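Report on one structure; see the data block that follows.
Since the model is a prediction, treat every value here as computed from it, not as a measurement.
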Amino acid sequence: MAPLVPAVALLLALCGSVRSISFQLPPNSRKCLREEIHKDVLVTGEYEVSEPHGQGQVRLKITDSAQHILYSKEDASKGKFAFTTEEYDMFEVCFESKRSGRVPDQMIVLNMKHGVEAKNYEEIAKVEKLKPLEVELRRLEDLSESIVNDFAYMKKREEEMRDTNESTNVRVLYFSIFSMCCLMGLATWQVFYLRRFFKAKKLIE
């Protein structure tokens with residue numbers, strides 16, 4: 001059973017959902033990061049903002065697509081946040097500098113985790129008194145469930161897209177038939193009109 005632990009740890013390391021990024025934030029500017037996250041997923045994050053000359057003045061705000069504020073911090077320098085998604089949505093993490101003048105850019109470091117990687121398995125092990133192997137198996141079980149949910153969501157989206165394509169194809173077919181009927185009717189009307197016109201001019205009998 002011992003060789004199973006490193007194998008499980010390697011699989012989790014390859015399939016983890018960790019987002020770590022750092023970037024420069026110029027004075028009096030705003031930068032946002034967006035990510036789509038599934039429903040009922042735990043999201044945690046840590047951030048750190050460099051404060052040259054003791055002037056932080058950076059606002060952090062996390063919102064969903066409906067602009068509901070999930071987390072907000074006026075003078076963000078270093079901290080953590082956590083929330084659980086209620087719906088599959090696009091979430092936005094924005095850092096806004098309120099400094100002005102000729103001051104250096106600030107370095108922003110953001111580390112976000114969601115799903116399996118956001119859970120504190122050390123705390124779970126203490127509460128449930130789990131052995132190291134049991135903890136890794138619990139983590140692997142959660143990861144497998146997450147993968148199954150992702151596949152189920154992709155299957156649902158594929159079915160929705162297929163239904164949309166079929167509906168569009170039916171509409172195109174009906175529109176094509178209607179267009180052909182209109183063209184045939186117009187052509188028939190033109191034939192009878194020209195026939196009457198030529199008869200009126202006595203060009204044909």
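Across S29 and P26, no two heavy atoms sit closer than the pair OG-O, 2.5 Å. Shown here for S97 and P27, the closest heavy-atom pair between the two residues is OG-CA, 3.6 Å. When all heavy atoms of K61 and T63 are compared, the closest pair comes out as CG-CG2, 3.8 Å.
Annotation: Q24, atom CD; neighbour count of heavy atoms from other residues, nucleotides and ligands within 6.0 Å is above 12. Within a 6.0 Å radius of NZ in K31, more than 12 heavy atoms belonging to other residues, nucleotides or ligands are found. Counted within 6.0 Å of CE on M180, heavy atoms from surrounding residues, nucleotides or ligands total 12 or fewer; the atom is thus considered open.
Judged by distance alone, with hydrogens and angles left aside, the side-chain atoms of S167 form no donor-acceptor pair with the main-chain N or O of D163 at under 3.5 Å. Between the side chain of T84 and the backbone N or O of V41, no donor-acceptor pair lies under 3.5 Å. Checked by atom type and distance alone, the side chain of K73 never pairs as donor or acceptor with a backbone atom of K78 at under 3.5 Å. For the pair E46 (side chain) and K80 (backbone), a donor-acceptor distance under 3.5 Å is absent.
Taken from CD1 in I62 to CE in M112, the straight-line distance is 6.0 Å, to the nearest 0.5 Å. Summarising the geometry, atom CD belonging to E74 is positioned 9.0 Å from atom CD belonging to E96; distances are rounded to the nearest 0.5 Å. Residue N169 holds its CG atom at 10.5 Å from OG1 of T164, rounded to the nearest 0.5 Å. The distance from the NE2 atom of H114 to the CD atom of E35 is 4.0 Å, given to the nearest 0.5 Å. C181 contributes atom SG, which lies 12.5 Å from atom CG of L186 (distance to the nearest 0.5 angstrom). Atoms CG and CZ, on L25 and R99 in that order, are 7.5 Å from each other to the nearest 0.5 Å.
Note on R162 versus E158: salt bridge recorded, some NZ/NE/NH1/NH2 to OD/OE distance being below 4.0 Å.
Residues L183 and L173 are members of separate hydrophobic clusters, defined by side-chain heavy-atom contacts under 4.5 angstrom among Ile, Leu, Val, Met, Phe, Trp and Tyr. Under the 4.5 Å side-chain heavy-atom criterion for grouping Ile, Leu, Val, Met, Phe, Trp and Tyr, V58 is not connected to V109 through any hydrophobic cluster. In this structure, V49 is not a member of the same hydrophobic cluster as M107, with clusters built from ILVMFWY side-chain heavy atoms closer than 4.5 Å. The hydrophobic clustering, which links ILVMFWY residues whose side-chain heavy atoms are closer than 4.5 Å, places L140 and L42 apart. In the hydrophobic cluster analysis, where Ile, Leu, Val, Met, Phe, Trp and Tyr join through side-chain heavy atoms closer than 4.5 angstrom, L110 is grouped apart from M90.
Taking the six-membered ring for Trp and thresholds of 30 and 60 degrees, F23 and F95 have ring planes more than 60 degrees apart, a perpendicular arrangement. Between F178 and F175, the ring planes lie tilted relative to each other; the angle falls in the 30° to 60° range.
For the pair L70 and F91, the minimum side-chain heavy-atom distance is below 4.5 Å.
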Would Y47 and L60 count as a side chain to side chain contact (heavy atoms under 4.5 Å, CB included) here? Give the steps.
CA-CA 9 Å; Y47 61 89; L60 168 61; 3.5 Å; yes
I would like to know whether R59 and C94 meet side chain to side chain contact (heavy atoms under 4.5 Å, CB included); could you show each step before the answer?
CA-CA 8 Å; R59 182 186 182 190; C94 292; over 6 Å; no
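Here Y88 and Y153 bring their ring centres to under 6.0 angstrom of each other.
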